[in-house]
Amino acid sequence: MPPRPVALTIAGSDPSGGAGIQADLKTFHQFGVYGEAALTLLTVQNTTGVSAVHCLDPALVSAQIEAASSDIPPAAVKTGALGNATIIEAVAASLARLSSPLVLDPVMISKHGSPLLAPAAVDALRRHLIPRAFLLTPNVPEAAALAGLDLDAHATPASLREAVLRLSALGPANVLLKGGHLPGDPIDLLYHDGRFFEFPAARVPTSSTHGTGCSLSAALAALLARSFPLLDAVTAAKAWISRAIASHPALGHGAGPINHFAPTGL
Ligand code: PXL
């Protein structure tokens, strides 16, 4: 048997299984990657909403990362919801000991509008973690908050590129701006090697998109763990996420999850 690639997620828990570490581990598994998970926070939620968020002790977050990674070193890491500035600093210190590529999904608010990152922590993200990222994967509201720009539904292609360039100046090796929050068919914009690449997709008319961002960044981490070049990883992860949304299992009474069983095509 060839060695199985390993990926580590550092993220929050969604007990309803659609987002957070639950989504990440399902995604790693679907891409044939062994998954490790260090928890940052617990949410109490289901598809109809979030009723509580509890951040863990930063020392406990670091201890999980160090226990897992010192024993079974991950070939790629992703971060999701981080909760607050002290957890971000703890994660950054733990990741300084690892050289694996980091996919940083700068999760700020849940689908239902609950904060998953304290507003004061945005600066900690900018200073401590974004410079270490191999790939930063904001959606449009997250890109606006990180870049200090006003991007709304009327954002132009030029303003989106400007936001990506500002994010790139914070130090990540690559930036993938996800266009799903804008009206019409979504176009994701990748900035890689000093060039822009567009990844258009057809919009699937459904509200069952809970966990889409988590699952996309987990798929990217899994593909990087499998040594896919970045452009191939983005193409394959996006094709899978589109299939996973289109074949959503219609679970729950609110914004339902995507279909993590969708074929990866790999
Ligand atoms: O999709 C963002 C996200 C990340 N992490 C957790 C979440 C959510 C959205 O609900 O619950 C734990």
Side-chain angles (χ1 to χ4, degrees), residues 7-28 35-56 58 60-61 64-65 77-84 87-88 91 102-119 121-122 125 129 133 135-146 176-181 186 188 204 206-222 237-238 240-242 244-245 248-249 251-260:
L8 166 67
T9 172
I10 303 169
S13 167
D14 167 10
S16 68
I21 50 150
Q22 288 82 356
D24 294 344
L25 290 174
K26 291 174 191 182
T27 304
F28 290 166
E36 301 184 290
L39 275 165
T40 54
L41 56 83
L42 306 183
T43 68
V44 177
Q45 69 173 306
N46 59 27
T47 64
T48 68
V50 178
S51 60
V53 178
H54 174 80
C55 289
L56 299 187
L60 203 51
V61 177
Q64 293 174 76
I65 297 169
V77 179
K78 78 148 268 189
T79 55
L82 294 171
N84 61 41
I87 294 178
I88 290 170
V91 169
L102 168 65
V103 179
L104 197 171
D105 187 15
V107 173
M108 293 183 186
I109 47 175
S110 82
K111 187 123 285 158
H112 296 98
S114 299
L116 294 172
L117 185 72
V122 173
L125 205 54
L129 217 47
L135 178 62
L136 178 67
T137 64
N139 59 30
V140 170
E142 289 158 356
L146 287 168
L176 179 67
L177 174 61
K178 300 173 288 186
H181 283 69
D188 289 1
V204 181
T206 176
S207 62
S208 291
T209 55
H210 177 58
T212 304
C214 305
S215 303
L216 179 73
S217 56
L220 289 164
K238 283 199 52 73
W240 175 72
I241 211 83
S242 293
I245 297 171
H248 70 81
L251 290 171
H253 298 89
I258 65 170
N259 174 26
H260 290 100

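Numbering of ligands and ligand atoms starts at 1, following listing order.
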Participant: Rounded at 0.5 Å granularity, tell me how far CD1 in I258 sits from OG1 in T206.
Facilitator: 11.0 Å
Participant: What protein heavy atom is closest to atom 8 (C) of ligand 1, reported as residue, atom name and distance in Å?
Facilitator: L116 CD1, 3.5 Å
Participant: At less than 4.0 angstrom from any non-hydrogen atom of G12, what atoms of ligand 1 do you find?
Facilitator: 12 (C)
Participant: Can you name the residues that form a side chain to side chain contact (heavy atoms under 4.5 Å, CB included) with V107, not counting sequence neighbours?
Facilitator: A81, D105, L116
Participant: For the atom pair NZ (K78) and CG (L8), what is the distance rounded to the nearest 0.5 Å?
Facilitator: 11.0 Å
Participant: So, using side chain to side chain contact (heavy atoms under 4.5 Å, CB included) as the criterion, who are the partners of K26 when residues are at least two apart?
Facilitator: H260
Participant: Mark up the atoms of ligand 1 that fall under 4.0 Å of a heavy atom belonging to Q45, in ascending order.
Facilitator: 7 (C), 10 (O), 11 (O)
Participant: Please confirm whether S13 approaches ligand 1 to less than 4.0 Å, judged on its heavy atoms.
Facilitator: yes
Participant: State the atoms of ligand 1, each with its element, that fall below the 4.0 Å cut-off from a heavy-atom position in G20.
Facilitator: 5 (N), 6 (C), 12 (C)
Participant: Can you tell me the protein heavy atom closest to atom 4 (C) of ligand 1 and the distance?
Facilitator: C214 SG, 3.5 Å
Participant: Atom CG of L117 and atom CG of L82: how far apart are they, to the nearest 0.5 Å?
Facilitator: 7.0 Å
